[in-house]
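Some notes on the structure that comes next.
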Amino acid sequence: MPDVPSLRAALLDWYDAHARRLPWRAAPGSGQRTEPYRVWLSEVMLQQTTVPHAAPYFERFTARWPTVTDLAAVEDAELMAAWAGLGYYARARNLLACARAVAGTHGGVFPDTEAELLALPGVGAYTAAAVAAIAFDRPANVVDGNVERVMSRLFAVEIPLPAARPELRRLAALFVDAHRPGDWAQALMDLGSGVCRPKSPLCGQCPLTFGCEAWKTGAPALYPLKTKKAARPHRLGHAYVLRDGAGRVALVRRPDKGLLGGMAGLPTSDWSVAAPAFEPPAAGDWRAVGAVEHVFTHFSLTLTVHVGRGDGADFQWTAPETAAKALPTVFRKALERGLAGPD
DNA sequence: GACCCGTGGGT
DNA sequence: TACCCAAGGGT
């Protein structure tokens with residue numbers, strides 16, 4: 001059984017020497033804390049998202065909206081456009097709802113307990129614990145994918161994910177302590193991200209091998225064990241690039257719920273396994289100019305792109321450059337394909 | 001617990 | 001190529 005206090009001390013020492021410098025992180029060793037607003041914003045952006053992808057969004061958001069009160073005052077469409085390309089758009093809707101709740105109910109000040117944080121929109125168990133630990137230095141059990149992997153290896157957990165979650169959470173809780181709780185959470189994530197990596201862990205650089213059960217087995221990369229996932233189905237659809245006499249593009253606002261909810265989009269058919277009918281959103285001359293491929297979390301998609309000319313009151317007519325910036329990636333691809341013309 | 005929800009990089 | 005994976009949350 002790994003010795004928890006020794007491991008904890010070893011990882012904090014490692015963190016003091018190897019902490020990553022990140023835009024939302026106070027300089028390690030400075031004794032400073034990051035403002036709750038910046039911790040919260042970064043944590044939401046980092047949900048299922050890599051650091052390199054999220055970082056430029058974080059810089060743009062904080063430059064444009066320096067406080068949670070500034071963010072709370074933004075119009076929905078402006079916020080969604082600023083989030084375009086980052087994915088998981090429910091996060092953007094919840095981000096705004098959360099900012100408005102903090103600016104309103106909480107007087108512009110983030111609550112400092114896990115329980116109150118957890119009650120905010122878009123803040124789940126992980127994010128509530130992370131904000132409590134990192135922004136307020138409260139001893140919270142911060143468990144993300146990195147922490148699950150590190151725990152599964154330290155203790156050579158033989159239960160496969162996702163069933164192992166409660167056990168991994170219990171193990172992570174053994175390390176929670178009032179001494180440097182914010183640094184502990186970030187140290188664990190830095191280790192998981194840079195050393196205790198999913199595919200080829202760098203055990204030679206790890207400060208915890210002395211107490212790691214998976215390392216003793218000689219095959220640490222086998223952990224965490226996992227149950228197999230179902231295959232991803234493929235769907236087909238049509239996307240319509242409709243332009244008016246001024247060259248503007250017809251956009252629609254998608255319903256608030258479901259895929260790409262609340263985002264601007266091109267008019268499309270349904271997306272289904274069987275080829276959907278070609279039913280353009282306006283009469284006139286249409287021609288197919290090609291297709292684009294896109295992969296979502298639970299299906300992949302081939303979108304046939306059609307170009308036509310027309311008018312209509314049901315659309316938001318937008319200059320192509322403006323449209324591209326506000327669109328989620330699948331539509332940005334389709335728009336670029338449409339504007340490029342036939343092969 | 002199962003399913004839905006994006007995107008881009010790594011292997 | 002076809003996966004896997006990332007500082008998850010909501011329903």
Side-chain angles (χ1 to χ4, degrees), chain A residues 20 22-25 34 38-58 80 83-95 97-98 117-135 140-150 160-166 169 172 182 184-194 196-201 221 224 226-234 254-263 265 271 292-301 327-333:
Chain A
R20 281 182 292 179
L22 299 169
W24 45 84
R25 183 179 282 179
T34 302
R38 296 168 68 87
V39 176
W40 162 74
L41 181 61
S42 66
E43 291 300 343
V44 173
M45 287 183 168
L46 288 165
Q47 288 166 8
Q48 298 292 290
T49 305
T50 57
V51 165
H53 193 187
Y57 285 84
F58 179 84
M80 299 310 281
W83 196 274
L86 199 49
Y88 283 138
Y89 298 98
R91 292 187 296 173
R93 302 194 299 274
N94 286 329
L95 190 82
C98 182
L117 289 162
L118 193 53
L120 294 167
V123 177
Y126 164 77
T127 303
V131 173
I134 298 168
N141 193 16
V142 182
V143 183
D144 72 333
N146 289 308
V147 177
E148 288 180 350
R149 183 171 57 258
V150 172
L161 284 171
R165 292 247 153 79
R169 166 170 293 278
W184 172 253
Q186 296 179 91
L188 215 38
M189 292 191 281
D190 277 18
L191 186 80
S193 166
C196 198
R197 307 183 302 185
K199 297 285 186 185
S200 46
K226 288 178 188 173
T227 57
K228 291 190 179 172
K229 296 177 187 173
R232 182 169 13 227
H234 190 80
R254 297 175 60 82
D256 279 326
K257 305 214 174 206
L259 190 71
L260 309 173
M263 295 297 290
W271 302 343
V292 295
E293 301 287 337
H294 193 74
V295 180
F296 293 99
T297 307
H298 57 294
F299 67 94
S300 56
L301 176 68
L327 289 171
T329 300
V330 62
F331 292 124
R332 185 177 51 67
K333 287 183 190 172

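Every chain is numbered from 1, with letters handed out A, B, ... down the list of sequences. Every value quoted in this text rests on a predicted model; they were computed, and no experiment measured them. What's counted below: heavy atoms across the whole structure, side chains too, no hydrogens, waters or symmetry copies.
- Among the atoms of the strands shown, base atoms are found under 4.0 Å from some heavy atom of L86(A).
- The nearest heavy atom of DNA chain C to R232(A) and to A125(A) marks one nucleotide each, and the one closer to the 5' end goes with R232(A).
- Atom CG in L120(A) sits roughly 12 Å away from atom P in dG9(C) (whole-Å rounding).
- In this structure, W83(A) and M45(A) have side chains that are in contact, with non-hydrogen atoms separated by less than 4.5 Å.
- With dA7(C), dG1(B), dG6(B) as the candidates, the nucleotide lying closest to the side chain of F296(A) is dG6(B).
- Both K257(A) and R149(A) sit near DNA chain C, but only R149(A) has its closest nucleotide nearer the 5' end.
- Looking at heavy-atom distances under 4.0 Å, T127(A) makes contact with sugar-phosphate atoms alone, never a base.
- Distance CG (L22(A)) to P (dA7(C)): 12 Å, rounded to an integer number of Å.
- Listed candidates were dA7(C), dC4(C), dG8(C). Nearest to the side chain of N146(A) is dA7(C).
- For Y89(A), a side-chain nitrogen or oxygen approaches OP1 or OP2 of dT7(B) to under 4.0 Å.
- Across all strands shown, dC5(B) pairs with dG8(C); the Watson-Crick or G-U wobble distances both stay below 3.5 Å.
- Within the 4.0 Å cut-off from OP1 or OP2 of dG8(C), at least one side-chain nitrogen or oxygen of Q48(A) is found.
- Counting non-hydrogen atoms under 4.0 angstrom, R93(A) reaches nothing in the nucleic acid.
- In this structure, W271(A) places its CH2 atom 11 Å from C1' of dG6(B), rounding to the nearest Å.
- When rounded to the nearest whole Å, the span between NE2 of H298(A) and C1' of dC3(C) equals 18 Å.
- R20(A) has its CZ atom 12 Å from the P atom of dA6(C), to the nearest Å.
- Judged by distance alone, the side chains of Q47(A) and R91(A) never bring a donor and an acceptor atom under 3.5 Å apart.
- In this structure the side chain of D144(A) reaches within 4.5 angstrom of the side chain of V147(A), judged on heavy atoms.
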- [ ] Kindly determine whether H298(A) and F296(A) satisfy ring pair (Phe, Tyr, Trp, His ring centres under 6.0 Å), including the steps that lead there.
- [x] CA-CA 6 Å; H298(A) 57 294; F296(A) 293 99; 7.6 Å; no
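- Nucleic acid contact class of P52(A) (heavy atoms, under 4.0 Å, all strands): none.
- To the nearest angstrom, P of dT7(B) lies 15 Å from CE of M45(A).
- At the heavy-atom level, V330(A) lies under 4.0 Å from the strands shown only through sugar-phosphate atoms.
- Nucleic acid contact class of G261(A) (heavy atoms, under 4.0 Å, all strands): none.
- The residue among K199(A) and L259(A) whose nearest nucleotide of DNA chain B is located toward the 5' end is L259(A).
- If you check distances only, the side chain of T49(A) does reach the base of dG6(B) with a donor-acceptor pair under 3.5 Å.
- Residue side chain T297(A) reaches the base of dG6(B) through a donor-acceptor N/O pair under 3.5 Å, judged by distance alone.
- Ring-plane geometry between W24(A) and F58(A) is classed as perpendicular, the angle between the planes exceeding 60 degrees on a 0 to 90 degree scale with a lower cut at 30.
- If you check every strand for non-hydrogen atoms under 4.0 Å, S193(A) touches sugar and phosphate atoms only.
- Classification of the H53(A)-Y57(A) ring pair by plane angle, with boundaries at 30° and 60°, yields perpendicular.
- Using a 4.0 Å heavy-atom distance criterion, W83(A) is classed as making no nucleic acid contact.
- For dT7(B), the OP1/OP2 oxygens have a side-chain nitrogen or oxygen of T329(A) closer than 4.0 Å.
- Counting non-hydrogen atoms under 4.0 angstrom, V295(A) reaches a base of the nucleic acid.
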